[in-house]
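Here the structure is laid out as structure tokens; the discussion comes afterwards.
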Amino acid sequence: RDVSIDVNVIFEGDVALGDGVSVGANCIVRDAAIGAGAQILPFSHIEGAEVQAGAVIGPYARLRPGAVIGEEAKVGNFVEVKNARLGFAAKANHLAYLGDADIGEHSNVGAGTITCNYDGANKHRTTLGENVFVGSNSTLVAPLTIESGGFVAAGSTVTSDVAPDQLAVARGRQRNIDGWRRPTKPGDAD
């Protein structure tokens with residue numbers, strides 16, 4: 001009831017749409033369940049996934065098989081989710097990859113963050129508790145657990161577990177080098 005479907009939307013396989021769902025233009029939805037009141041914004045691709053009530057997906061989001069997006073959660077533009085679960089009101093607003101992960105309620109994953117889930121032979125899980133904040137451009141190397149209330153500083157590559165309410169800073173220290181000149185090619189004029 002009261003479902004809105006915009007232009008150029010493709011449904012394939014077994015698709016279920018709850019009451020009040022809105023699907024924007026140019027979306028592809030394949031073998032997926034979309035809960036009541038969820039919004040699928042334009043150009044999103046959803047396959048083998050579950051989007052629970054009130055969640056917002058996109059625009060330009062990609063949900064791959066095994067993705068479960070919790071109630072009122074947000075998966076924004078250019079975010080890819082594969083075999084991962086986002087809890088109630090969790091957010092990954094833009095430019096992220098979340099594979100083989102469990103993201104707790106009210107957690108926030110910053111732009112440019114990726115879960116490094118594959119070591120070349122095996123896949124591993126990343127687990128974020130509730131109210132975790134991951135700063136932009138962070139790399140979470142699985143297997144990894146960030147407990148509830150944990151905070152990851154922007155630009156960190158996290159390889160060790162983070163205890164509750166700890167701040168993880170895992171990045172090189174900046175150096176500014178005086179007198180530096182851009183390299184030139186042989187034959188370039190000064």
### Task
Return yes if some donor-acceptor pair links the side-chain N/O of Ser148 with the main-chain N/O of Glu130 below 3.5 Å, else return no.
yes
### Task
Could you tell me whether the side chain of Arg171 and the main chain of Ala154 form a donor-acceptor pair under 3.5 Å?
yes
### Query
Backbone N or O of Ala101 within a donor-acceptor pair of the Arg125 side chain at under 3.5 Å?
yes
### Query
Rounded to the nearest 0.5 Å, how far apart are CD1 of Ile103 and OG1 of Thr115?
7.5 Å
### Heavy atoms from other residues, nucleotides or ligands near NZ of Lys91 exceed 12 (cutoff 6.0 Å)
no
### Task
Compare all side-chain heavy atoms of Leu86 with those of Leu98 and state whether any distance is below 4.5 angstrom.
yes
### Task
Go through the steps for Val68 and Gln52 under the test side chain to side chain contact (heavy atoms under 4.5 Å, CB included), then give the verdict.
CA-CA 8 Å; Val68 178; Gln52 296 179 355; 3.8 Å; yes
### Qualifying residues under side chain to side chain contact (heavy atoms under 4.5 Å, CB included), relative to Val141, sequence neighbours excluded
Cys116, Thr139, Thr157, Thr159
### Task
Could you give me the CA-CA distance, side-chain angles and deciding distance for Ile5 and Leu17, then say whether side chain to side chain contact (heavy atoms under 4.5 Å, CB included) is met?
CA-CA 10 Å; Ile5 300 170; Leu17 304 176; 4.2 Å; yes
### Query
With distance as the sole test, does Asn117 use its side chain to make a donor-acceptor pair with the main-chain N or O of Lys123 at under 3.5 Å?
no
### Task
Only one of Asp161, Val162, Leu128 passes side-chain contact (heavy atoms from CB on, under 4.5 Å) with Thr145; say which it is.
Asp161
### Task
Give the C-alpha distance, both sets of side-chain angles, the deciding distance and a yes or no for side chain to side chain contact (heavy atoms under 4.5 Å, CB included) between Asp19 and Asp2.
CA-CA 6 Å; Asp19 293 344; Asp2 297 321; 5.9 Å; no
### Query
Side chain of Asp31, backbone of Asp14: donor and acceptor closer than 3.5 Å?
yes
### Query
Does Phe78 have any ring pair (Phe, Tyr, Trp, His ring centres under 6.0 Å) partners at least two apart in sequence or in another chain, and if so, which?
Tyr60
### Message
Asp165: which residues meet the side chain to side chain contact (heavy atoms under 4.5 Å, CB included) condition with it, sequence neighbours left out?
### Response
none
### Message
Rounded at 0.5 Å granularity, tell me how far CD1 in Ile40 sits from OG in Ser22.
### Response
8.5 Å
